[in-house]
Every structure is written in structure tokens, then in C-alpha cells.
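Read the structure below first, then the notes.
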Amino acid sequence: MDQLISANLVDLCAVLMLLTSVMAVATTRMKPLITLFSLQSVFLAAEAFIVAYTSGESHIYIMCALTLVLKVVVMPRMLLYIMGKIHVDKEVDLSIGIPGSLLASGFMIFVSYYIAEPLISTMETVERSCLAISLSIILIGLLMMCTRRKAITETIGLLMMENGLFLGAIALSHGMPLIVEIAAFFDVMVAVIIIGIFANRINKSFNSVDTSFLRRLKE
Amino acid sequence: MNADILVLVAAMVASSLLCIAVRNRKAVSTVMPACSLLLLALCLNLCVPVLGGEVVDDGVFWMDPLSAVFMLLVAFVGFVASLYSRAYIGLEAEEGVVSRRENGVYYSLLIVFISVMMLTFTVRSMAVVWLGIGATTLVSTFLVGFYSRDESTEAAWKYIILCSVGITIALFGLTLVYASTVGVIDSDHALDWPALMEHASELDPNMMRMAMVLIIVGFGTKVGFFPMHTWLPDAHSQAPSPISGLLSAVLLNCAMYGILRFYGVSEVLDPGFASTIMLVFGFLSLGAAAFFIITSRDLKRMLAYSSIENMGLIAIGFGIGTPVAIAAALLQMTAHSVTKPILFFSAGNVIQSYGTREMSRIRGVSRSMPFTAAALAVGTLAIVGCPPFSVFVGELSLMLGALDSGMAWAVALTVALLAIVFAGMARNVFPMLSGEPPEYARDLRGFSRTAPLVILIVATLALGLFMAESVSDWIGNAASSVTGVFP
Amino acid sequence: MVGTGDIGLDSVYLIILFAPAAIGMLCGLCGRSGRLPGILCAVSCVAGILCFPFHTFSPGLSYELPVGSYLGAYAVSFDQLGSIFISVSSVVFLMVMTHMSHSGHGYTPRYSGMCCALFLAVTLCMCADSAILLLLAWEAVSMVTFLMARTDGNESARWRFLAVTHIGGLVLMAVYGYMWAATGSGYLHDWQGVGGIVGPTASVIMVLLLFIGFGTKLGTVPFHAWMPDMYAASPTHTTVLLTTVCSNAAVLMLFRAVYAYVGADGMTDAGMVLVVLSAVTALWGAMESMIQTEPKRILAYSSMENMALVTLCLSLGLVFSPSSPSLTALVILAGLLHALNHSVFKSLMLLTVDSVEDVTGERQIDRLGGLAKVLPALSAVAFVGVASLAAIPPMNGFISEWLMLQSLIGTDAIASDLRVAMPLLVAMMGVCGMIVATSYARLFGFMFLGRPRSKGASEPRPLRKGSIGPVAVLAGMCVAMGMLSYPLMDALSEGACAVAGIDASYRDGLSGSLEPLTLGIMIFGTIAVVLVASRLFSRGRTETDIWGCGGTLDERMQYSSEGFSQPLVRVFHPFYGDTSGIEGGRYRTRFQEPFVKYIYIPLGSILLRTSLQVKRLQTGNIQTYLGYILATLVVALMAVRLL
Amino acid sequence: MIVVEVLQAVLLIALAPLMSGIVSKLKAGMQNRPGAGVLQPYRDLYKLCRKGRAVSGSCSWIFHAVPVVCMASMLILAAMTPFVYTGVLAPYGGLVTVVYMFTMYRFAMVLGGLEGGSTFGGMGSSREMMMSVLIEPALLLGIATLAVLSGAGTDMGDISEAIATMGVAAVGPALILAACSFMITLLAENARIPFDNPTTHLELTMVHEAMILEYSGKELAMMEYSSMLRMTVFMAMLGSLFLPWGISCTGEPVSLVVSLVLALAKMLVIAFAMALVESVLCKSRLFKVPNLLTVSFALSLIAMISLYIL
């Protein structure tokens, strides 16, 4: 593959990831949301594969494999399992409506591009536009966490943030040293487990995983 | 490989295993403080030469005076908190609030928590530091949500979500730092802090700027900077009191350590950038905390806000950015770490005795539990910066640092806000001491209840009143290693 | 311990001065006896009294502790001014301790230990040579007096005190920190002329802040709000120590900071501002003291007035400084001397009030009366006290007020804008002096004169043995410091001029002559002559009832204290903001301090309201919290991008 | 010159009842009454001294000390005031001390009023203090005006001498205004109409009389005498400080004689003025008094400021 094609493919994957993010923001049902997340992870793996192939850095392959295993297979299943176990509604509650969320995510994308612009101009790697996209995905993930009321959707938001982060990591720096990546994955895993446990406990104590009920501790 | 560190790591692993292995309720509550005392001793053995300027530098590990200061604080407060846990959790176990299994889990988690925090400061790569900070969150989540009450679950939930978001943001910052080192540092050592420092001026400045914002906001969430502080009062108020003390006194420092390392790099590359951000967050935190404190109702929440206030002060010190101010900030941090547990532990005593955290319902502490009342009063006066306690020296040297660099306005603002903090703390704490105690309030005594408080009070007094030349040199060394590879 | 000067005697003196009090403090904390710390404190006090003699014998005493703090060493040094202050304060301290040991309060070991700590703190304030020691000692003074003020039902007052003084302490920390940073030295003797380093604007601000910072302790408006309650509700001995020795320390530190460190150059305008502030404080203190009904409150406001006169003098010195060194020396002397005099007569009055409270069990002057008949000795010393307070010759209070008026009238000699303001200041002094005289006449009259207004006053317990002794000594000092004031004035002025770097004699600033000794002898002589002469006309004497227009008067038909001050309250009605009305069948006049009403209460409610608003940020909703993080991130990134 | 100084003090002390008698006589004359003789006060005092005392059982030593202190303070004041000669027997502390001696007198008298334990004593004391609060600034300012005008410090003899030697040059707005102010002060201080009525015994209007109500016999005599002496001293001060021309500065016999004659003439003029005021005006309400005193204060303030402005 020549340079141009690979650059285009990288951009394509990144854009697809962003697209899944935006779609996730607009999704009101739980299962499609999880599907979107695994789809995004697939694109992330693809991106990793392309970068690994182009740059010839073998450790990115490991990353690619990890992503496929953990984020495409394990994580969605685990989320579905938790969902089944604690009987979450199929509906996703939004605190601001879909148009509002979409507008906000559009704003986030704009902000990301604006912020990343001076950085991109000095960069020489092919994956320049990935910085802006990964920042957008992070911000949109955070936005999702702000607008979703259910504990599970918050988790998905966090995981999508992580995806954006890895997009940035892979694209910008051809993957950080492997140890970091593995560690990060590990951390995410543990986080998800804990979140799962707590979501369970929250369910027990509050009869719903709607986190907006968790409002006892305030001033 | 440095033998001392290896011994320390081995001791950590061994004590963690031991604490997990011991099943007996009484035994584990003795073994665990003993283990943390051992860790403290080993840590002293390791850190004292480092503080004097002998940098540990081999493969995975890297310790300079800055990390030694942080590590010593963790070991010290960790020990005191373990000792206090004996009394605190012991009583809960006796009363049946805490089951035998939970009791074992508590001590195992506690020693792991302490160990992870200590390990965070020994490593060379900032990526691993990040990992350590992340791991502390995970471990401590269980401690925060230790009680299976609704509120505890809620607090733990908020804690883990917000802190995970925070460290994710910080990791993105790290990624950008890594990206900015491309072509400058060999990629295997790109995030090694000594290498970063060495090549600081060659990094991509634009990238570093953005990275610094992400890192300060990200780790700042865990430090408790306003407005990312929101998890902090919940977690501190819901955790068992020894854990609250530990969270406030050293966990926040861990995240601060993460910021500091990059702060140093950024200040070399781009002087005045990171420090300005720190200054802004410092004043935001100090100001917001001051107003939160005035009308607090919950004792431990108020103490949590006071932690935010102190983190703000420390950030202001780094924000000023001169060596004097950085040393002052480190001193203030040390002072806070030594002083804040006094408050949380004595608050723990009060809460166990009165069965409430509502300050308006706690009256007559000085009658019902004189020692605790004295400790609470001393702790309050110490934390708001009354002499002769260490926070006073910290705050004064902070002011000196600010004045030294011509920032009289910062001093004026700080003084005004500190006055509000004082008024707020005094308004809330001191009425609790006076008045007529309710009948159900009882005095709680015991060695492991008293000893930690005495140790901490002596420590804060000693730091405030007398400081041997060598100790001030240590702080000076630590300060100079913030902005430069030492030596 | 090794002294930096010659080893032997200096070290011995320092040990005798500090060690007993330090040991006493520890004994008080750990021990069970209140007597031992008291005795140890008395030993230190005696050593303190000898401070000035020792200084004349061996000047330049200084010492530095081998272990320092993070912020520098602990060093002390004694100069002439400081040692005079220490000596006089120690006398007062000793008398208070003696009185305490003979009073019926049953003070705990803790309290005696606190006294030791206070002695240490105050003495260190006066002789500290390193900034850190000074600040520590100064805060320790607040802290210890705060602890010593503990009584039932006094909580809000003492917390208010602590809050206000702590805020003052913070201000001082900032100012001293500034000087510290400017000179780069933690030793106070290096701070000479720091005003020149920091520039005129900073100097002016520093001087203003110094007056505010110490003003919180001295009760400058509007920082006096804690005073009356604190004075009234604390144990009397705490009040005495707080208002005398602590104020002395504050005055001395203020004087040193303003005149020695910052310097009085270019301070004319700041001086004028402070003059006005002090004058307002003095007037307000005098006016408020006249309407109080508790002896200790009357004396609290009187302290405020007296300390305002001291700060008035010190700020006048700033105004005079550029044009006339001798007038500056005079006015400074007047201020410092007044501080010392005040500590003597105020402790005398407060101790008397304590005895009165003790024997009668009454705390309202409206329930006292007629004590002069049953307690003639106490009434005699109290008379000396009020005479001093009211500046009646030849008492010591008269001498310092005379000096003040002399310096004001002498203003004419200098061509400055102050000349036009001078008449107003003279008038202020006049009004103030007469109002406080009214207030003291009222205090004395309602406590000791007339007929008893309650059972406690009509059948008082006998006075405790030995409690009259210290009061009598203080009364003697009032007379002695009045009649023999010249040696004291010379020594004090010499010390003050040395500190302030003034090269002039205060005597050149005097526009009239005063011979207190001759005047005193003449007054006492004339009284004696008149007394003897009146004996010659000794005719018969019949016991009668008081003339009651034909009926008999019961003791409630005497003038009430409220009525006594009523005419002046009516005259000054706009300032008092009093409200009158019928309450529970009695006509009452209610006063609320305008400063509390218009400054403190609104300020407090603003803070509280802001706090409640800020607290709404903590919604308890995690989505909001995540929103904060998102917003912060976006704002921070945008800010960095834009800037 | 000590002899002259002593004689001058003795003269003042001896003349006090006479001045009081003269004022009463002049007043009576203006009111078309024959009035008592000018020597009547001497006779009154003598009579009182010979009488026994009626003392309330509740009175303490203060009650008996007050007349002594009052009288002593006034005697000292008499020794401090220049009358015919600028040198004085007791020049200690100058005018400021004089003011404080007046305070001493007033303070003692107020305590005496309170000591009586009756309703009237307290009332009189209270009113007296109210007036003195308002008098004091005017008095002090008057003195300050003199000190500044003469440039001779605050010693009374020096001021008198300085103004006398300045001659007509001294007569300016400052001096005139200050003199007017001092005249008002004199009336107020000495319990004259319109501030107080020295002869009233109507309870509601009493000020000075109320305070000495409980005294009788020799103590009343001492109180009465001190108040006469106070008036005389005030008159002498007005004469020798504000109108000092003719006063003997050297102490030579001829100048002394001239000075004595002039001084007595001045006293008579002042007495006449007082009698005139007392006959023309009536006693004003207590709460109107502050207005009058404020006028006095304003006069002396203007006097003082005019020194700097004009």
C-alpha cells in the first residue's frame, strides 16, 4: 500500500469512529448502543492494524489484537451480561434531548478542530487529522456521560472516551510503549469490573441503575 | 537494581499477602499496623539518603528527593491510619457493623492501597506513575464504598466515575506528551521522567501546552481542584474515618505528584504556562472551598472542603513557581498531610461516639470526650494556620514566596480567603466542643485511638516550631528537583 | 545555653526570665496544683520587672536559640524601650497574679499555666528579634488569651475575638512577610529602613495595614466589635491581662514596625487618615462606655478609647515627622507613656471591679452602690483609679494627656496642613476627656456611692484577705508614675527616639512647663491644709435621713445609671442610634452598635448568602459533575488556544 | 517677687465672696430691688461655718472628702491665675493643667452629688456632666487660641505678658471671638443663667444646687465658697488673659498699683456684664443648653481657625 492510500484509510477509520460516536449520542436504546460501541472498537482495531502495517511497528499488532479481543468481544458481552443480570430498561434516558445532544456534539467537534489546528499544522505524520478526531471522540464520550442517566451508559461513555484516547495514541505516536497500552487496557478492564459491581450494588439499593437517583450526597 | 527498593517492594508484597492470609479478626488488626510500621521503617531507610541528594537511578526505578518526600508522607500517614484503624474498625467490628470477612478485606485493601501509593513514587516512567495513580483509585474505591450503605455506594460510584474520567483525560495528555517527544527521545524511554527533563527544551511546545492542560485538568480531578472536586466531599464523608484521613492527606498528593512532574518539564520548556494554570486552579479551589466551608453541616464534608482549600494553597505555591514558593508549597503539602489526619481521626472519634456527622447535632464534646475535643481544637487551629503548627509555617513561607516574586495581590487575595476559611471553620467546629453533651455520648479511649493523634500532633508541632537544618535542606532539595533533574 | 554576648550574667538573667514561666506552663498543663505555676510565673515577673534595671546595667542583651525553624532562628534582643515596657508590664502582671492567688475564683492549674504562657508570649513579643518568633509570640498571645477567656456562656464572644484577631494576625503576617521578603532577612534588626527599599506607595499601604492589624487587638473601629462581650464575659484576670500587657505589646510592636522598620518619611497623608480613624475610635469608645451598665463593659470601651489615644499619638507622629523631630518625639512619648499608664490604671480598675463582683455577686452597676461605706479601703484605691482614668492631676493619666495636648498645641510651630485640623483634634480631646470622665464618675458613683441598690451590695461579703494589696500597689504606681514622671519620660523618650531614629529631645516640643512633683505636693498639701483647717470649725453633727421632700426615699428612688447618661445620649442621639420604648412596664433605651449593625451583620449575611449560592454547585448529580469537568476542559483548552 | 505672687493669690481668695456679692447686688439693682449688701456672702459663709451639720447615715468618707477636694482645687487655681502680676505662685503646667484642675473640681462635685443617694444629687451630677462635656472643647480651644495667638506657650503668665506687650495688635477677630466664647463658658461653668440658676431651689431646674443639696454647715460653706472662688478665678482669667492690658509684668510697685486698680475695674465690668445677662435672659430649658454651648464652641473654633486663615 502506498502512503496516500494508507493515509486515507487511517482517516477513514478515524472518521468512522467519530461517526459511531455521534450515532451513539443519538441512540435511545441500550442494545444498539452497545453494538455501536463494539463497532467503534472494530474501527479502532482496523486503524491499529493499518498503522501497524504502515509503520511496521509490531507492537501495534498486539494492541490491535487486544482491542479486538477485549473491546469487541469481551466488553460488549460483559455489558450485556450485566444488563441482563440487573434488568436494565431497554430505553436510554437522556437528560437533554437528541437534537440538543447532537448539536452539542457538533460543537465539540468544532472545538476539537479549532483547538487542534495549531498542533496539526506543525505535524508531519500522515495521521494528522486523527488528533482532532480523537479529541472529539473524548469530548463526545464525556458529553455522553453528562447526558445519560443510566449507570451502564455512563460506562459506555467512559469506554468510548478510552477508544478516542487510543485512536489518538495510535495515530499520533504509533502507539506508546507497549507496557502503557497493556496497562491501560488492564486499567479499563478493572474499571469496568468495578463499575459492574457497583452498578449491581446500585441496582440493589436504588432499584434502578438510573444514576440521577444517586443524589443524596449534596450540599 | 537498588537493594533498598527491592527490599521495600518485597516487604510490600509480603505484607499484603500476610494480611490477606491472616483470617483472625484481632490478629489482622495488629499485623497490618505492624506491617505498615515495617514499611515506614524501610521507607525511612530508603528515603533519608535520597532526600540528602543520593538519587536512586536504575532501570525501572528512579527516586529523587521529590519522590522521597511524597513517599515518606505516604508511609507515615499510612502507618498512623493503620494504627487508628485498629481502634476505629475494631469498634465497628465489635458492634457488628463490620463482619469478620469485611474486616479482613478492609485490612488487605488498606495495605495494598498504601503499597500502591508508595510504589507510584518509585518508578521512572510517567506512564507507570499514571498507572499507579489509576490503581490507587481502583483500590480505594472499595475502601470508600466499604460500608454497604446507600450513601457509601453512591460516594464510591461518583468517586470511581469522576476519577476514571479524570485519569483518562490525563492519559490523553500523556499521549500528547509522548507525541511531542517523537524524534527527540528514543521511544522506549520517551515517558521516562529524567529523559523528559533532560530534553525538556526540545519538545514540541504547542503539543506540550495542550498536554499540560489535559494533565492538569485530568489529574486535577483527583487532586480535587475546583470545579472538578465534586467527588471529594462525598468520598471523604462516606469512607471510614481512617480512610478519609488517608485519602485527604496522601491520595490527593499522589495526583499532585503526577501534575508536578509534568509541571517541571513544562516550566523548563515554556516558563509561566503551567504555573499560570496552577495559579488559576489554586485560587478557584481556595475561593470555592472557603465558601463551601462556611455553611457546612456535615463534619467530614467540611474537612474535605478544607482539603480542597489546602490543595488550592499548594497549587498557588506551584503557580508562583519560584524556588522559594515551590519549597513553600511542598512544606505546605507536608504540613497538610501531617495535620489533616488529626482532624479526620478526631472527627472519627466524635462520629463514633455521637453516631452522627451533623455538626449541629454534636454538642459538648469537650465534656464527653476531653482528649478528642482537645485534638479537634488543636487540629482545627493547626489547619487554619495558627502558629505554632506547621501549616502556619507553610502558609507564611508561601506568602513570603509570593511577595518575593512581587505578587502582593496574590497575598492579599490569599489572606482574605484564609480569613473566610478561618471564620468558617471556627464557626462550625467550636460550637461542637462547648455545650451540654447528650447522654448517649461516651468517651472512647484506647492506645490505638490516642497514639495516632499524639504522634500527629507532635509531628505538626515539631515541623512548625523546630526544623533542623537538614530537614529544611530536604525540602529545598525536593523543591529543586521539581524543576530540574537532581542533582 | 550559651549567650551570644558575655556568657555569665546575661544567660543567668535570661534563664531566670524565661525558664520559670516555661516550666510553669508545663506544670500547669500536666500538674494538679495551680499554685506552683503561679509562683513560677511570679518569679519570671520579678525578673521581668528587673528588665530595665538590668538593661541599664548591661545593655545590648541578646540571645539566639541554637535550633531554628524552617523560617529562621529564634532570637531575642533587649533594647531600652522594650525593657521599659517589659518592666512595667511585668509589674502589672505580677500584681494580677498576686491578686489572682488571693481571689476566690479557684483558678485551675490550667489557668495558672496559661498565665505563664501568656507572660512568655507577651515578653517575647516585646523582645523578639526574629520575625518568626515575633509572629509566633503574637499569635500565641491571641491563642492563650482566647483559652484563658473560657467561661460558661462566653463562647460566641471568645470566638469572635479569635476570629477578629486571627484576621488581624493574617494581615500582620502579610505585612511582616512583605518586609521580610523585601529585606531578605528574618532578623528584625535588619529591617531598619525597609520603607526605603519598598518604595513610598508600598510603605503607606504597609503602615495602614499595620495599624489595622494591630488595631484588631487594640479595638480600632470597626474591629472593636469583639471587645465589650469578651471583656465582660471573660474571667476578670484574663480581661486585665488582655487589656493591659497584651495591648502594651501591641503598641510596642506597632511602634517599632511603623517607626523603625517602615520609617515615618512621607507618611503625612497616611498619618492624617489614621489620625481621623483614631479620633473616631476614641470618641466612639468614650461614647459607648458611657451607656454601658456592666463595669467591665464600661472599662472595655474605655480601653478602646485609651488605645485610640495611643494610636492617635503614633499617627500624629507620622504627620509631624517631616517638619519637627522634637514634636514627633513628644507625641510619640505621649502615646507610649499613655499605653504604660493605661496598663497601670486599667488593671487597677478591673481588679477593683473583680473584688466588687466577688463581694457583692452583682455585675450590673444598677444593682450596686454604697460600697464606699463598707469597703473604704477598696473605694479609696478605686478613687485613685478613676482619678487616673479621668486624667485628674497629679495622677499618671493626667501626665500623658497633658503631653498629648501640649503636642497638639505645639502643632502651631510647624507649618503643615495639620494646623487647621488641630483645633478639631483639641476639641475631640476635650469632648472625649469629659465623656470618659462622666463615664468614670458614673462607674465609681454607682458602685461605691449613694445607697446600696441590692441585697448583695448592702450586705457584701468581707473582702478577701490580701486582695487589696496588689490593688494598693497599683494605686501607688498611679500616683508615683504621675508625680515622678520625668525620669520615666526621659528614659522612655530616649528609648523611643533610639528606635525611631529621631535625633531630638521631646522637651523642645513642649510649649509649657510642668512640674508634676511640685504640682502633686501642692495638691496634696493644699488638701491637707484645707482638711486641717476645716477641723477647726468642728461644730455639732447630727445623723439624719436623706432629704426626701418630706417623705422617705427607698433605695430604688436614686438616680438610675441609665438616667444618668440620658442627657448626653439625647445630645448625641444621631450617633448612638438608640431606640426607646416601654418594655415590660419599664421605660428602656436600647442600643445597638452601628458598626455591628451596619458592617458586621451585613457582611456576615453576604458571606452566608454567597456560601449558600456556591453550595448549589454541589448538586449531588453526577451528570452535572461530569458536565463541570467537560466545561472546564473545553474552557481551558479554548483559553489556551485563544491566548 | 514671691511676696507679690502670694499676695495676689490671697487677694483673689479673699475677694471671691465679694465678687459674688457684687454680682448679686448689681443684679438686684437692675431688677429694681434693693438686694443684700455686697458683703452678704461673707456673712453667709460665716454663719454656715458656725452651724452644725446634718449628715445622712449612708454617707461615706467620700461625702466628707468632696468639699475638701473642691476647695483645695480652687485654692490651687487661685494660686495659678495671674491677676495683677504676670508671675504666679504655682506655674505648674499652664493652662492645660488649669483645665484639668477644673475637671478635678467638677469630678469631685459630681461624686458628691452621687454620694448623697437622693434623686436630686444624681440628677444634678448627670446634668452637670452633660454641660461640661459640651463646655470642655470650647474651653480647651479658647486656651489653644490664646497659646497660638500669643506664641508664648501655654503658661498663663507668659500668655498674659505676651498679649499685654502686643498691645492693640493682639486685638483681632481671634481674641474677640475667643473672649466671647470664654464669656459663655464662664456663665456655663459657674451655673449662671441661662444655663442654671444659682439661686433656685426648684428641683426640676437645679443643676449645681442639686449636687450640693445634701451638704450643710461648714461643708456647705466650703462648697459655696469654692464655687464663688471658681467664678472669681474665671473672671480673673478673662480679665488677665483676654484683656491683659495694664497688668504688671515687672512687679514694680507703681505698675502693681496701676494693675490692681485696672484689674478690679475689669472685674467690675465683667460682673456688670454677668448681671446684665442674668437680668435680661431667663433660664433656658435643659435641652436648649447644648445649642448655646455649641455657639460657644463654634466661636472658639472660628477664633482658632481665623488665626490660620486671616
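Predicted model only: the values in this text are computed from it and were never measured. Every heavy atom of this structure was used, including side-chain atoms; hydrogens, water molecules and symmetry mates were not. Reminder, nothing fancy here: chain letters follow the sequence lines and each chain counts from 1.
- With chain C as the partner, the residue from A54(D), G52(D), G113(D) showing the most heavy-atom pairs under 4.5 Å is A54(D).
- Between chain D and the options Q406(C), M522(C), R570(C), the largest number of non-hydrogen pairs under 4.5 Å is found for R570(C).
- Between F107(D) and F383(C), the ring-plane angle classifies as tilted under the 30° and 60° cut-offs.
- Of the inter-residue distances, the one linking F564(C) atom CZ with M123(D) atom CE reads 12.0 Å to the nearest 0.5 angstrom.
- Contact annotation for V68(D): both backbone and side-chain heavy atoms come within less than 4.5 Å of a heavy atom of chain C.
- Between the side chain of T97(D) and the backbone N or O of L514(C) there is no donor-acceptor pair closer than 3.5 Å.
- No side-chain heavy atom of I62(D) sits under 4.5 Å from any side-chain heavy atom of F448(C).
- At least one donor-acceptor pair under 3.5 Å links the side chain of K373(C) to the backbone N or O of C59(D).
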Worked check of side chain to side chain contact (heavy atoms under 4.5 Å, CB included) between Y559(C) and S126(D): CA-CA 9 Å; Y559(C) 228 52; S126(D) 163; 3.8 Å; yes

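- Heavy atoms of L141(D) lying under 4.5 Å from chain C belong to its backbone as well as its side chain.
- The greatest number of non-hydrogen atom pairs below 4.5 Å with chain C, out of S132(D), S56(D), A108(D), is found for S56(D).
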Intermediate values then yes/no, side chain to side chain contact (heavy atoms under 4.5 Å, CB included), Y100(D) and L405(C): CA-CA 11 Å; Y100(D) 280 99; L405(C) 278 171; 3.7 Å; yes

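- Taking CG of L424(C) as the reference point, atom CG of L301(D) lies at 5.5 Å (rounded to 0.5 Å).
- With a threshold of 4.5 angstrom between heavy atoms, M131(D) does not approach chain C through any atom at all.
- Here the CG atom belonging to L531(C) is positioned 7.5 Å from the CE atom belonging to M222(D), to the nearest 0.5 angstrom.
- Of all the listed residues (V529(C), V431(C), L536(C)), the one sharing the greatest number of non-hydrogen pairs under 4.5 Å with chain D is V431(C).
- Of the atoms belonging to L111(D), heavy atoms from both backbone and side chain fall under 4.5 Å from chain C.
- Here M304(D) contributes atom CE and I409(C) contributes atom CD1; the two are 7.5 Å apart, rounded to the nearest 0.5 Å.
- Both the backbone and the side chain of E115(D) come within contact range of chain C, judged by heavy atoms closer than 4.5 Å.
- Two residues are said to be in side-chain contact when any heavy atoms from C-beta on lie closer than 4.5 Å; L114(D) and F444(C) fail this criterion.
- In this structure, CE on M130(D) lies 12.5 Å from OG on S565(C), to the nearest 0.5 angstrom.
- Interface residue S125(D): backbone and side-chain heavy atoms are both found under 4.5 Å from chain C.
- Ranking I76(D), V289(D), L140(D) against chain C, the residue ahead of the rest is I76(D), based on heavy-atom pairs under 4.5 Å.
- Taking 4.5 Å as the limit, some side-chain heavy atom of M434(C) sits within range of a side-chain heavy atom of T103(D).
- Within residues 283-290 of chain C, no residue has any heavy atom less than 4.5 Å from a heavy atom of chain D.
- Ranked by heavy-atom pairs under 4.5 Å with chain C, the list K51(D), M71(D), M101(D), R50(D) is led by R50(D).
- To the nearest 0.5 angstrom, E214(D) atom CD is 7.0 Å from T544(C) atom OG1.
- Taking the side chain as every heavy atom from C-beta outward, T119(D) and Q558(C) never approach each other to under 4.5 Å.
- Within the 4.5 angstrom heavy-atom criterion, no atom of F63(D) approaches chain C.
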